[in-house]
Amino acid sequence: MTAITLAAPLAGWAMPLSEVPDPAFAQGLVGTGMAIDPTVNELRSPCDGTVLSVHRARHACTVRTASGAEILLHLGVDTVGLNGEGFTAHVQDGQSVKTGDRLISFDMDLVGSRAQSLVSMMVVVNDGYTVDGQSVDREIAAGDAAMTVHGGSGADAGLPASGPDSAEEGDGETGERSVVLPIASGLHARPAAALVAATKAYPGTVTIHCRDRRANAKSVVALMGLGTMLGDRLTVRAAGPGAQDMAESVAVLIEGGLGDPVVATLAAGAAAGAGSQATPATPPAAPAPAQPAAEEEVGPPFAHGEEVLLKGTIAVPGQAVGAVVRRFRSTVRVVEQGAGPDIEEPRLRRALEQVVAGLAQSAQRMPEHAAIFQAHRELLDDPELLDGALADIRAGKSAEWSWQRMARLQADALAALADPRMAERAADLRDLEQQVLTALSGKGPDVGLAELPAGSIVLADEILPSDLAGVPAGRLAGIGMAHGGPTSHAVILAAALGVPTVVALGRQAERVPDGAPVVIDGNRGELLVFPPEDTLAATRTAVAARTARREENRLTSREECRMADGTRIEVFANLGRVSDAPGAVVEGAEGCGLLRTEFLFLERQSAPTEDEQYQQYQQIADALEGRPLVIRTLDVGGDKPLSYLPLPKEENPVLGLRGVRVGLREPELLRAQIRAILRVKPAGVCRIMVPMIASPSELQAVRAMVDEERAKLGRAEPIELGAMIEVPAAALIADRIGAVADFLSIGTNDLTQYVLAMDRGNPHVAAQLDALHPGVLRLIRLAVMGAKTHDRVVAVCGGSASDPMAAPLLIGLGVTELSATPAVIADLKAFIRTLRMEDCRRVAEAALGTDSADEVRRLVAESWPAL
Ligand code: PEP
Ligand code: MG
């Protein structure tokens, strides 16, 4: 029998455990010891010993003395929920420590403001020890004698506390039951203590198994050391009399939350979440196609160092290495019962103030979108919303519950109105619901993407075009989206920024923790989480080589583009905003083959005036220094609604009012745009291109408008008017459309969507949405042949024009102009310069006779292995 004196691990006010504001500690369920209300921010070791475990959330650690006593040091009350925020661990599991060594430091302001209390506990948690001589009810200095532990011999007899799942249960009665852990912070001190209390008196053994590890259910430390997380599947095993009943009753207790709130929705499907897409990152022999993910339940965060490969869909090619910045819509847990109006009302008001301040900052950062933030502000000021929430709070509900209920009530009421502008307001309200809930959870507002640390890889449900506005070069190294399709407008902007992007990763992407090192591979559509060091190094080398190659290609990229046999191919740029234009010229663009003018119209409260449009078009024309500028008329509707343009709610919006159909329905909008284009000087520089043409009559109607506006403006010079070929019917009758169009430009994004009957924004079909499908290629050939009957130029301005694998095929099919995203132009021109027309024709012909896009890609790869 030995006795050791433990030193105070903190300075502060020492108190008996019974005064701790946590019943599990106060009632001695966790162990015996004392508490200190700290005045310092460093936790030090109370004895010589070994660190048994540092909790995943870094708020607690256990030290084992030479006599075998396990001392749990637990900083604050309800600190596990901070998930490590504000805590820094200075030791690791298994490390030897001396009395006074620093174990954990913490941010007193942050932890003090977020946790229920900073009062910290030091308790002996294993059997066979007694504690006395607690020096309490006084100021104590770190290192002062604090209490004495008696007992033990040095070896901790019996079942090992935790470890790999190898122990046998013996020959007697055994029982087993599996259960999904429904506790937000896993088995932390309080639920672990409750579990120990329930199993202690049982004469046999009870063990909890989780991910190849097991813990003695009678040991708080062992249970905490399992590192369990919400949604983990646990197996309870008992050995001894009535073992099955014991296992059952322990499982039922776990299902009941062991005194912590039960998180029902996540727990229900967590076991499924560990499956499909998340696989250990051993190189797969044949990559499985991305699984549809919408119904999939998400599991717990991937553990640090757990190498995982997530498969998605290629959106923007290229590779990058970086640290993850999460931008998932927050999933804040909402508990109905509040702590009383005196606490809940000020909480709600503070959260609202925080959101208002965030909106003001956003408006300053993005003045061009200030109107949106002002509209949000007005919604927050709505007295009905606040009064309703306050009434609930006064009836005893929590701030979260009350705010969510009122925000949802109002959003649903707005969404039910037929007016689509009201539906937009409903979306705004849902956004605000989340923002306020996030503020209530104590989390600060997300920093804008413009303020990211350099080399960030952003993971999100879906990035919006507005998120990408104003992101400086170099900050954003890569993007991974759980949802989204490869040709969404956000992807188009990401491509313009040259940021490798993978979409349709599924909800498993939500399990990647903030700051995790990852490799994003836009060439294969993969995200590798916690990659091994050699993979990181190899990827960095590949990225550097690619950058060097591009730099070399940029030396010649401003020269005109001719194939190896001298055939002229024009390489233009797709642009979406004024600021894209100068960079595109530097990259070697020989003009702009598609100006997506809808980016000037989206994210506004009213349409840009004719003058505003004219100024922007003129600036772009000036930046192009006389090179041609193809301006596409407004392509809204479908997935690109305008809040200020009332269009009827449609069952199938992509098959409804979009593109030219909107322009013909709203002629004043189209005419203003036409006038703005006609005013650009010099007169010959602009061409007008019309989206979603299905029949010649639509183009003729637009031409009539152009002629009328030209006459009104007194402009003598004609202007070229082209048709986009993105509706299959237009490709089939390109000879008829070519008769009335001055040029044709194939939009492969929409053409592929409509030919394959696959929504370009739907993650379930994203992996199959490939413009190199032979069905799409055959239509492109028909379109080219039709146009040639009238000697019309045929361009491609959809995503295929930026895909180097598509270039030889498109050229082989007769396309003479490619309009690509600026970031790929230098490499694209360099590649085209190596091509010969006879090879392109041969391979294109062979591609038309294949069964699938995969086969086509194999053909191209065999012919041009360097790709
Ligand atoms: C297309 O559909 O290919 C196209 C270029 O238009 P957008 O992607 O803007 O719909
Ligand atoms: Mg289109």
Side-chain angles (χ1 to χ4, degrees), residues 315-316 464-465 468 484-496 501 503 571-577 580 591-602 630-642 653-663 673 687-694 698-699 722-731 734 737 743-762 766 769-773 775-777 779-780 783 794-803 806-807 810 815 817-822 824:
V316 180
L464 300 175
L468 293 173
T487 57
S488 72
H489 280 82
V491 168
I492 286 164
L493 287 184
T501 302
V503 297
V571 180
F572 284 15
N574 288 350
L575 304 178
R577 49 189 182 175
D580 292 342
C592 165
L594 166 62
L595 174 64
R596 286 187 164 96
T597 57
E598 57 275 11
F599 287 133
L600 313 177
F601 284 73
L602 294 173
V630 178
I631 302 182
R632 177 173 74 183
T633 55
L634 195 56
D635 184 16
V636 292
D639 61 334
K640 294 175 274 184
L642 289 184
V654 286
L655 301 180
L657 282 173
R658 55 166 301 197
V660 68
R661 302 168 195 173
V662 175
Q673 188 169 28
R687 302 170 194 165
I688 298 177
M689 181 161 81
V690 189
M692 295 293 294
I693 290 287
E698 290 162 331
L699 196 69
M724 280 196 77
I725 305 294
E726 42 190 355
V727 175
I737 292 177
F743 63 93
L744 303 185
S745 186
I746 301 173
T748 48
N749 302 335
D750 278 315
L751 187 61
T752 308
Q753 152 169 270
Y754 295 123
V755 173
L756 296 182
M758 290 178 184
D759 180 345
R760 62 192 268 191
N762 184 335
L769 192 81
D770 190 332
L772 294 197
H773 189 288
V776 180
L777 296 179
L779 272 178
I780 293 176
V794 183
V796 170
C797 64
S800 313
S802 304
D803 177 359
L810 297 175
V815 170
E817 180 194 307
L818 298 175
S819 191
T821 191
V824 305

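Since we're looking at a predicted model, the values are computed, not measured. In each ligand, atom 1 is the first atom listed, and ligand 1 is the first ligand listed.
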Could you go through R658 and D750, starting from their C-alpha distance and side-chain angles, then the distance that decides it, and tell me whether this counts as salt bridge (charged side-chain N to carboxylate O under 4.0 Å, His left out)? CA-CA 12 Å; R658 55 166 301 197; D750 278 315; 3.2 Å; yes
Within-shell test, I492 vs ligand 1, heavy atom, strictly < 4.0 Å: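 Contact present.
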Contact between ligand 1 and R760 is defined here as a heavy atom of the residue under 4.0 Å from a ligand atom; is it met?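 Checking ligand 1 against R760, which is what was asked, there is a heavy-atom contact under 4.0 Å.
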Would you sort out whether Y754 and R760 count as a side-chain contact (heavy atoms from CB on, under 4.5 Å), showing the intermediate values? CA-CA 9 Å; Y754 295 123; R760 62 192 268 191; over 6 Å; no
Measure the distance from atom 6 (O) of ligand 1 to every protein heavy atom, then report the residue, atom name and distance (to 0.1 Å) of the closest one.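 For atom 6 (O) of ligand 1, the nearest protein heavy atom is R632 NH1, 2.9 Å.
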If you have a sec, work out which protein heavy atom is nearest atom 5 (C) of ligand 1 and how many Å separate them, to one decimal?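 The closest heavy atom on the protein side is R596 NH2, 3.5 Å.
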Do [X] and [Y] make a side-chain contact, defined as non-hydrogen atoms from C-beta onward lying under 4.5 Å apart?
X: I746; Y: V794; value: yes
X: L575; Y: C592; value: yes
X: P486; Y: T501; value: no
X: M689; Y: M724; value: yes

Could you list the residues that satisfy salt bridge (charged side-chain N to carboxylate O under 4.0 Å, His left out) with D803, not counting sequence neighbours? R857
Between G798 and N749, which heavy-atom pair has the shortest distance, and what is it? C-OD1, 3.9 Å
Which count of protein N, O or S atoms is obtained for distances strictly below 2.8 Å from the Mg ion (ligand 2)? 2
Can you list the ligand 1 atoms lying under 4.0 Å from a non-hydrogen atom of L594?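 It comes down to these atoms of ligand 1: 5 (C).
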Interfacing atoms of ligand 1 (cut-off 4.0 Å, heavy-atom, E726):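 In order of numbering, the contacting atoms are 1 (C), 2 (O), 4 (C), 6 (O).
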One residue to check: N574. Relative to ligand 1, which of side chain, backbone, both or neither has a non-hydrogen atom less than 4.0 Å away?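 For N574, there is no contact with ligand 1 at all, from either part.
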Between N574 and S819, do the side chains contain an N or O donor and an N or O acceptor separated by less than 3.5 Å? yes
Between S802 and T821 (side chain of the first, backbone of the second, donor and acceptor by atom type, cut-off under 3.5 Å), is there such a pair?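 Yes: the side chain of S802 pairs with the backbone of T821.
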Check: of M689, M724, Q753, min heavy-atom distance to atom 4 (C) of ligand 1 comes from M724
